[in-house]
Amino acid sequence: MDTNDFAIKKENIFLTFLAGWSVFLSTIRLSFKHIIIPVAGELFGILLISLVPILEYREMINVKATPDGWIYFALSLSGLIIFIYSLWKFFVVLCGVNLLARDIYDDRAIANISFYTSDVLRKKWSYIRFLTGYLAIALIFAALSAGIMFFEAKLVVYNFITSTANITLLLIQSGIFLTYILFSNIIIQQYSFNRILGFWEVIKRTFKFIGRNFTGLTILSFITVIFSNIIAYIVQVLITFLITNPLGLSADNSAGVAVRFTIGFIINAFIMVLFQYIYARFYLLEQNSYNYPSNLN
């Protein structure tokens with residue numbers, strides 16, 4: 001792979017998106033098994049977790065009353081452990097992909113993805129603390145949105161004051177949603193490239209980066225959201241065709257739902273990896289532009 005073709009240079013948002021796509025396709029052989037293995041683990045964990053609800057609500061079996069019911073609960077608990085562990089391994093891959101992307105965009109020699117993930121695992125407790133903190137912040141954003149929706153539901157009398165309040169709450173909710181989108185789209189890059197920093201310093205620098213690159217990051221986020229929706233629509237159409245024609249299943253029965261969920265879950269995982277290449281390039285480009293403007297071509 002000639003990394004010189006993807007070296008960081010001055011470019012617009014659309015070229016950044018296309019460059020990320022090109023690198024993703026060029027490196028898919030390096031990272032495929034590292035992506036698919038944790039994703040398969042997540043799916044297996046979800047299957048085990050679902051055993052009790054499926055037996056209780058679909059098969060109409062009272063699991064608690066059956067002699068071997070404890071086995072199903074044990075399997076569901078095992079599924080939860082497998083899911084969390086596989087999700088952790090997937091996030092390790094996401095961080096490793098960013099380190100790989102940095103070497104490609106900086107025109108350095110690149111290694112196998114295992115080299116980068118092992119580098120992440122050397123400071124795994126730092127990464128675990130970061131992911132825990134990130135989850136807490138995500139929950140705060142969710143709680144704020146839920147709180148606003150609760151207040152909106154209370155405004156049932158429509159007059160000038162309530163209409164103004166509704167518009168205000170809608171604007172606040174939109175602002176919270178946009179902030180979270182921008183925050184979640186760049187936070188892993190901020191951590192991956194600044195792992196020596198503490199959690200709160202990473203968070204502070206993330207919001208500083210968002211403020212400094214608000215317009216460009218917003219445009220890129222909208223591009224990736226639109227792209228995700230287009231891919232989701234195409235995948236759903238293809239899956240529906242596959243289910244109803246070659247497989248002869250109904251798109252709404254259990255088997256059809258399972259196929260749709262599994263394929264969609266796998267595709268979404270690869271899209272998340274693709275986004276790492278795109279946002280890593282955007283991050284490095286803007287950092288180079290901010291710190292070393294004379295080095296840009």
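Every value quoted in this text rests on a predicted model; they were computed, and no experiment measured them.
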Connected via hydrophobic side-chain network under 4.5 Å: [X] and [Y]:
X      : Y      : answer
Ile13  : Ile186 : yes
Phe130 : Ile128 : yes
Leu220 : Val225 : no
Leu135 : Val202 : no
Phe214 : Phe222 : no

Quick check with a 6.0 Å cut-off and a 45 degree axis cone: is Arg281 positioned over the face of Tyr105's six-membered ring?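 Geometry flag: set, cation within 6.0 Å and 45°.
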Gap between atom [atom2] of [Y] and atom [atom1] of [X] - 0.5 Å precision:
X      : Y      : atom1 : atom2 : result
Ile188 : Leu94  : CD1   : CG    : 5.0 Å
Glu201 : Gln190 : CD    : CD    : 9.0 Å
Phe183 : Ile176 : CZ    : CD1   : 14.0 Å
Ile82  : Leu43  : CD1   : CG    : 12.0 Å
Leu99  : Ser118 : CG    : OG    : 9.5 Å
Leu139 : Leu144 : CG    : CG    : 11.0 Å

Judged by atom type as modelled, is there a donor-acceptor pair below 3.5 Å linking the side chain of [X] to the main-chain atoms of [Y]?
X      : Y      : value
Tyr127 : Phe91  : yes
Asp107 : Asp103 : no
Ser86  : Phe83  : no
Asn12  : Phe14  : yes
Thr117 : Gly96  : no

The test is side chain to side chain contact (heavy atoms under 4.5 Å, CB included); show your working for Arg102 and Arg108 and say whether it passes. CA-CA 8 Å; Arg102 181 182 59 186; Arg108 304 175 185 173; 4.0 Å; yes
List the atom of [X], the atom of [Y], and the distance in Å for their closest heavy-atom pair.
X      : Y      : value
Tyr277 : Gly20  : CB-O, 3.7 Å
Ser184 : Tyr134 : CB-OH, 3.3 Å
Ile113 : Ser31  : CG2-CA, 4.3 Å
Gly79  : Leu48  : CA-CB, 3.6 Å
Thr218 : Leu178 : CG2-CD1, 4.1 Å
Leu80  : Ile49  : N-CG1, 3.4 Å

Pick from Ile203, Ile137, Leu182: which one makes a side-chain contact (heavy atoms from CB on, under 4.5 Å) with Ile187? Ile203
Going by side-chain contact (heavy atoms from CB on, under 4.5 Å), His34 matches just one of Val39, Asn112, Val92. Which one? Asn112
Answer with yes or no whether the side chains of [Y] and [X] bring together a donor and an acceptor at under 3.5 Å.
X      : Y      : value
Tyr180 : Ser145 : no
Thr224 : Tyr279 : yes
Tyr191 : Ser126 : yes

Would you check, one step at a time, whether the test side chain to side chain contact (heavy atoms under 4.5 Å, CB included) holds for Tyr116 with Val93? CA-CA 8 Å; Tyr116 299 100; Val93 172; over 6 Å; no
Do the non-hydrogen side-chain atoms of Thr179 and Ile210 ever get within less than 4.5 Å of each other?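 Heavy-atom side-chain distance check fails, nothing below 4.5 Å.
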Hey, are the side chains of Asn194 and Arg205 touching, using non-hydrogen atoms and a 4.5 Å cut-off?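 They are in side-chain contact.
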Take Ser192 and Tyr283 through the test side chain to side chain donor-acceptor pair (under 3.5 Å) and record every step on the way to the result. CA-CA 11 Å; Ser192 300; Tyr283 177 90; over 6 Å; no
Take Ile35 and Val97 through the side chain to side chain contact (heavy atoms under 4.5 Å, CB included) test and state the conclusion after the steps. CA-CA 10 Å; Ile35 300 169; Val97 163; 5.7 Å; no
Ring geometry between Trp21 and Phe24 (parallel below 30°, tilted from 30 to 60°, perpendicular above 60°):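 Perpendicular, since the angle between the ring planes exceeds 60°.
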Please determine whether side chain to side chain contact (heavy atoms under 4.5 Å, CB included) holds for the pair Lys124 and Arg129, giving the CA-CA distance in whole Å, both sets of side-chain angles, and the decisive distance to 0.1 Å. CA-CA 9 Å; Lys124 63 181 178 182; Arg129 286 193 297 270; over 6 Å; no
Could you list the donor-acceptor pairs under 3.5 angstrom formed between side-chain atoms of residues 265-276 and any protein atom two or more places apart in sequence or on another chain?
unit_1: Gln276; atom_1: OE1; unit_2: Asn98; atom_2: ND2; d: 3.0
unit_1: Gln276; atom_1: OE1; unit_2: Gln189; atom_2: NE2; d: 2.9
unit_1: Gln276; atom_1: NE2; unit_2: Met272; atom_2: O; d: 3.1

Should we count CZ of Phe141 as having more than 12 external heavy atoms under 6.0 Å?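 More than 12 heavy atoms, drawn from other residues, nucleotides or ligands, come within 6.0 Å of this atom.
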